[in-house]
Every structure is written in structure tokens, then in C-alpha cells.
Amino acid sequence: MSPLVLPLGLLIGLSLGALGGGGSILTVPALVYLLGEDPRQATTSSLLIVGVTALIALVPHARAGRVRVGRGLMFGALGTAGSFAGSALAARVDLQVLLTAFAGLMLVVATLMIRRSLRRGAAGAGPDDPSVGPVLTFRPFDCACPRLAKVVVTASAVGLLTGFFGVGGGFVVVPALVLALSFPMPVAVGTSLLVIAVNSATALTARVTTTGTHLDGPLVVGFTLAAVAGSLVGGRLASRLRPVVLTRTFAVLLVLVAGYTATRSLPALTG
């Protein structure tokens, strides 16, 4: 096992715990360029690493009352079809196309994170605010259909990204929970970890049943243990450091990694 496994796992776990998702997007480039995994194998390994890490990082958020289990499970379940579709598509795409698209995704994520950091007042009304009702009730029947449509479309898109790229999708889940379900930011961050765990488990099941990708057991276990430890530390750091500083620093890191990934994949794609 490479000596880089533990420090890389700690770094990605730190970012996942501090940002509530988003940090997991660095797992695939780390596995490919620093640990020598095949891109398709790396995206599958990433699903296992990120899913387990998110599930354990969820515990302190749940104890603090920052997780809405029912709505989180609903959001994850709505992304199931997208996860299977993304996994099937990834198996048919050229590896260099996959990496080039991944570089583009990182740039999009960096842009979204910077825009979010500039909107300091967008914390959400809160799921228990009486002015914000549920999107769907059956007794009596009531449907906030525009909000419901937004939730369904966003959940399916997150599932597709998870299945195709092997990422948790937290960078999309957090703003979606704030905007579509009116969660305050701390609750959106905590609940996003549950959604990430559900999406990762679904996409991993799809990968294993359709492609049977071989995983490097020692690497995945070592990386996951380090990421779990890092996520618990990251969760504590998040309460002590300014979120704006964390978000913008990570966005700059994403731009740098995206640039490196593009310079490695584009020549092979066009050559």
C-alpha cells in the first residue's frame, strides 16, 4: 500500500467533514494520479470510500439534531434511477472522456461554491418554519408541485452524477436542500451526508452488479479509515473556522486540480 494513502485519506476526510460534502470530489483525482488506479476503478473505489465516510461523519450531526432522516432518505431514494443510469453510462465512456468531463465538473463545483460563499444571507427558512409547508401530504392531500418537481429533478441529477463520476454530490445536495426544502444551512449540511451515503450505496450496487469492477482491498480500507478519522476532525474544525474561508480555499484547490486533470486527459483525448 502506498505511503500516500493515509495522508490523502485524512485530507479528503477533513474536507468532507468541514464542508458537508463537496470535499469528496477530490477522491477520484487522488486515486488516479497519486495512487495509480484506473479511472473506472477509481470511481468505484470512491463510491465505497465516500459512502462509508459520509455515514460515519453523519453521527455527530445526528446527535446535534442537524439531520432530517425522513426527507434525506426520500431525496436519496429519488436519485436511485439516476445512480443506475450514471453507472451504466460510465461503463460505456472512454476513460479520457471520463477524466475530461470530471475536470469540467470540478470547475462547475468551484464556481458554485464561490457563488454560495458570496451569498451570506442565504441560510434558508428552516424546515419547521410554519410559513414553509411540506412538499407533499396525503391526509389531506396537498401538493406543492413546483417545489416537488424541483426536488425530483435535483435528486435525479445528483444520482446521475454519483453513478457516473463516483462522487457523493454534496456540492449539489446542500444548496438543493436549502432552496427546495427550505433547510437552514447546518441542517442541510448534516442531511446531505445521509443523502451522500444513500446515493453512494445505490451507485456502488449498480457498479458491482453490472460491471463487477475489481477493488484494491488494502488501499480502499486504508483510505477509508483515514478519511473517517479526517471527517470527524473536519466536523469540529467547521465550527471554529469561518465557512467563507473554508469554501473559497477549497474552491481554489478544485480549480488547480481541475487544471491538472485537464492537462493530463485532453492531450490523450485529442492525440
**OP:** Please step through side chain to side chain contact (heavy atoms under 4.5 Å, CB included) for the pair Gln41 and Val32, ending with a clear verdict.
**Re:** CA-CA 9 Å; Gln41 182 184 16; Val32 172; over 6 Å; no
Starting at [atom1] of [X], measure out to [atom2] of [Y] and round the result to the nearest 0.5 Å.
X	Y	atom1	atom2	value
Ile12	Leu26	CD1	CG	5.5 Å
Ile196	Leu58	CD1	CG	10.0 Å
Leu194	Leu73	CG	CG	5.0 Å
Leu161	Asn199	CG	CG	9.5 Å
Phe223	Asp216	CZ	CG	12.0 Å
Leu14	Ser231	CG	OG	8.5 Å

Any non-hydrogen side-chain atom of [X] less than 4.5 Å from a side-chain atom of [Y]?
X	Y	answer
Leu48	Thr44	no
Leu193	Leu55	no
Pro29	Phe102	yes
Phe75	Val198	no
Ser2	Val5	yes
Leu8	Leu34	yes
Tyr33	Val257	no

Original post:
Side-chain donor-acceptor pair under 3.5 Å between Ser265 and Thr100, yes or no?
Top reply: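 Judged by distance alone, the side chains do pair up.
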Check whether any side-chain N or O of [X] sits under 3.5 Å from a backbone N or O of [Y] as a donor-acceptor pair, and report yes or no.
X	Y	result
Arg264	Tyr260	no
Ser200	Ala197	no
Ser46	Ala42	no
Thr43	Arg40	yes

Original post:
Testing His61, Arg68, Arg66, Arg71 for side-chain contact (heavy atoms from CB on, under 4.5 Å) with Thr191, which one passes?
Top reply: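 Checked His61, Arg68, Arg66, Arg71 against Thr191; only one passes side-chain contact (heavy atoms from CB on, under 4.5 Å): Arg68.
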